Amino acid sequence: MATSTLDAPLLSLPSHTHLATPTPPSTASPTVNNDRYCANHHRTLKLIGKCSNIDHLKQVHAHMLRLNLFFDPYSSSKLFNLCAFAHYSTLDYAQQVFDQIPQPNLFTWNALIRAYASSSNPDKALFVFLQMLHLCPDSPNKFTFPFVIKAASEVMASGVGRVLHGTVIKASPHFSSDVFILNSLIHFYGSCGDVNLAYRVFANMLDKDVVSWNSMITAFVQGDCPEEALELFRQMEMNGLKPTNVTMVAVMSACAKKLDLEFGKWVCSFIERNEIGLSLTLNNSMLDMYTKCGSLEDARVLFDRMAEKDIVSWTTMLVGYARMGKYDEAQRVFYAMPNQDIAAWNALISAYEQNGKPKEALTLFYKLQVNKHVMPDQITLVSTLSACAQLGALDLGGWIHVYAKKRGIKLNCHVTTSLIDMYAKCGDIKKALEVFQMADRRDVCVWSAMISGLAMHGQGKAAVDLFEKMLEAKVKPNDVTFTNVLSACSHSGLVREGRALFSQMGPVYGVMPGLMHYGCMVDILGRAGCLEEAAELVEKMPMVPSASVWLSLLGACSIHGNSELAEKACCHVFHLEPNNHGAFVLLSNTYAKAGNWERVSCLRKQMRESGVKKEKGCSLIEVDGTVHEFLVGDNSNPLSEKIYSKLDELVTRLKSVGYVPNKSELLQLVEEEEVKEQALYQHSEKLAISFGLISTSPLVPIRIVKNIRVCGDCHSFAKLVSEVYDRQILLRDRYRFHHFKGGKCSCKDYW
DNA sequence: ATAGGGTTAG
């Protein structure tokens, strides 16, 4: 077989050479003057330049070991550079070679740091840097810092980066004006989210080059300041600098962030006019801009025209279709792409999960799970756990928890947050607390999720206590934390605590109250009966009240029977959301509470004429890992007959202990009392309770998830079932959990 | 005696 010149050995080794661990040349000095040594030295350096595959490299490596050339720092640095950066080499191999070099010089240390900085283990670059400070006789030079700073930004080590910045300033005035070092600092501050510091470095630079501008524009885009990015792009032009394709990637990304299709298209024409080369990355960022701005048509045209496509191009199209709800198209892209990596799977799974299709998300997860080539990762877990949470699928969620442990998928803060949220939303607050306590790292999301879990289970006091603990743990609360802790106060009637937190959030914690917080506060005051104060708060909100704020006020009116204020709040809701059925229900309940039946029937008539559709009630219950769904008056379940006869039995038995159907909240236009009563028995949660009673073990609670607020009648019904049948029922409605046990509910009839 | 920085999706 013919051997190509490339595969032929570079060296034919004399037979007397033997493999040995390197021993220093007799003079034991790093530079050797002996003639033979110099000749070898020269020949070997030439050989290094000729290496074109890993075998060549290893041969030269072996040869150098034999000739003790590793003791010449220059020669070994030459070889090492190839080991670290040749495409055919690996970093592991480079590290092995490095470990054999007796006295790596500064160049070699720098090369190792650089190699790690852009590897998948950038933290090792920082470690090597520390080693270098101890072991290398030379101080870091102007090449060292850009690499270490790059590593610091890769691992988002903001503290480390700041220290490095200080070191740079102290080390030499040459360093603090080195354009490479300063550019890397801009990049570092940008990627750590500190746009202001990035800009300070940028603005103070005397000699900015195109990379400085690109880094700063990118920092603005990534720091969520697209306006500033575009402004800087304009300034760059005014300063006579020609933008590169890297500039245009950032600018395109700014357009995508602003959802500004028109400007995006202008930028595309700018690229053409200025003959800026279309790299694959730039094409991809154009695709991204088109899909984010909603023009799948333009994206498609570009996509079909692109000569080179990579996984990013395909995924961008996939996500674009999925976001628009075009699942068929998204699936077509998914199956058409050359290979589906985990990101593609995740994109499709999370698209389903985030668009109210949790069942489809889980179906896809099953398929992924039997796939041999792709492994679920942490992002997959986050999406699927959220799908479980939506469905109340506790068994499946628990299974995913076990799966993650078994597969050794690390429970980072994102996964921990999702687990806590899943357990809480599926009704297992104990398990949620367990995950919380076992977590080895708790960021603001983890704490907030736990507070939210306690809140929805009516454990307001515990939620507020946990908030205090969070402060003790020196974790800074954010807007979500406050929404959760305030909603805890509202669910548990903690008026004093709520007031205090609300008034402190801005001045003490620097979190400005937003719509959600005002909504919670209106809820807290309203439920407690301070209707006027609640109404005043709505009046003096610094932003326009949303429908949900008015709904909170309306809800409070319905509890306390204040028709006048209810009408006013209702007007506002209809102004913002003319088809909000919930507002009709709450107003009608207010009239019912006040005994104003005339108004109730008038409202019903109005509803029928306006054609406002009620969101169909739907209850989910998981039995043996399968989620069963019940709609109003559903009889699609195979056990339907049994379910209805069980329901008949329930009604009879409950009536015998005093159950009186409460028809006041019914809004259907039916006159006969008999028919009204039948309508009540069609409610999905009653069907789910009957099903739960006949198909689950008496020892476990019946867990039900309902899409809308539970009605008063079903609430009393569930309380009685929990007493008469001695069964715990956990019912999650749109807003919170109801724990029915021994005839009582954890919400204390206050929901 | 050797060298380097900035870019896209989820």
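Predicted model only: the values in this text are computed from it and were never measured. Order of the sequence lines fixes the chain letters, A, B, ..., with proteins taken first and strands second; residue numbering starts at 1 for each chain. Both backbone and side-chain heavy atoms feed into the values below; hydrogens, waters and symmetry mates do not.
A:Thr247 and A:Thr244 are linked by a side-chain donor-acceptor pair at a separation below 3.5 angstrom, with hydrogens and angles left out of the test.
Looking at heavy-atom distances under 4.0 Å, A:Val319 makes contact with sugar-phosphate atoms alone, never a base. A:Gln222 comes within 4.0 angstrom of sugar-phosphate atoms only, judged by non-hydrogen atoms across all strands, and of no base. Among the atoms of the strands shown, base atoms are found under 4.0 Å from some heavy atom of A:Asp209. Using a 4.0 Å heavy-atom cutoff across all strands shown, A:Lys142 reaches at least one base atom of the nucleic acid. A:Thr316 comes within contact range of the sugar-phosphate backbone alone, with a heavy-atom separation under 4.0 Å but no base atom that close. Among the heavy atoms of the strands, none lies under 4.0 Å from A:Asn81. Residue contacts shown for A:Thr291 are absent, as no nucleic acid heavy atom lies under 4.0 Å away. Within the 4.0 angstrom heavy-atom criterion, base atoms lie near A:Ala343.
For the pair A:Arg114 CZ and B:dT2 P, the computed distance is 15 Å after rounding to whole Å. For A:Leu106 and B:dG4, the CG to C1' distance is 13 Å, given to the nearest whole Å. Distance A:Asn346 CG to B:dA9 P: 15 Å, rounded to the nearest Å. A straight line from CG of A:Leu278 to C1' of B:dT7 spans 14 Å, rounded to a whole angstrom. A straight line from CE of A:Met216 to P of B:dT7 spans 13 Å, rounded to a whole angstrom. One can place CD1 of A:Ile181 at 17 Å from P of B:dA3, the figure rounded to the nearest angstrom. Look at CG on A:Asp341: it is 14 Å from C1' on B:dT8, rounded to the nearest Å. Taking atom CD1 on A:Ile311 and atom P on B:dT8, their separation rounds to 17 Å, with Å as the unit.
Considering only heavy atoms from C-beta on, A:Tyr290 stays 4.5 Å or farther from A:Val301 through its side chain.
Judged by distance alone, with hydrogens and angles left aside, A:Asn110 brings a side-chain donor or acceptor within reach of the base of B:dA3, the pair sitting under 3.5 Å. Taking 3.5 Å as the limit, the base of B:dT2 and the side chain of A:Asn105 contain a donor-acceptor pair of atoms between them. Side-chain atoms of A:Ser77 and base atoms of B:dT2 include a donor and an acceptor less than 3.5 Å apart.
Side chain of A:Asp209 to backbone of A:Val211: a donor-acceptor contact under 3.5 angstrom is found. A:Thr167 places a side-chain N or O within 3.5 Å of a backbone atom of A:Val163 that can act as its donor or acceptor partner.
By the 5.5 angstrom centroid cut-off and the 30-degree plane limit, A:Phe143 is classified as stacked against the base of B:dA3. An aromatic stacking contact links A:Phe107 with the base of B:dT2, defined here by ring centres under 5.5 Å apart and ring planes under 30° from parallel.
Centroid-to-centroid, the aromatic rings of A:Trp109 and A:Phe129 stay 6.0 Å apart or farther.
Nearest nucleotide to the A:Asn284 side chain, out of B:dT8, B:dG4, B:dG10: B:dT8. You'll find that the side chain of A:Arg323 is closest to B:dG10, out of B:dT8, B:dT7, B:dG10. Nearest nucleotide to the A:Phe147 side chain, out of B:dG10, B:dT8, B:dG4: B:dG4. Nearest to the side chain of A:Lys78, among B:dT2, B:dG4, B:dT7, sits B:dT2. When the nucleotides B:dA3, B:dA9, B:dT7 are ranked by their closest atom to the side chain of A:Asp288, B:dA9 comes out on top.
Ring orientation note: the planes of A:Phe270 and A:Trp266 are tilted relative to one another, at an angle of 30° to 60°.
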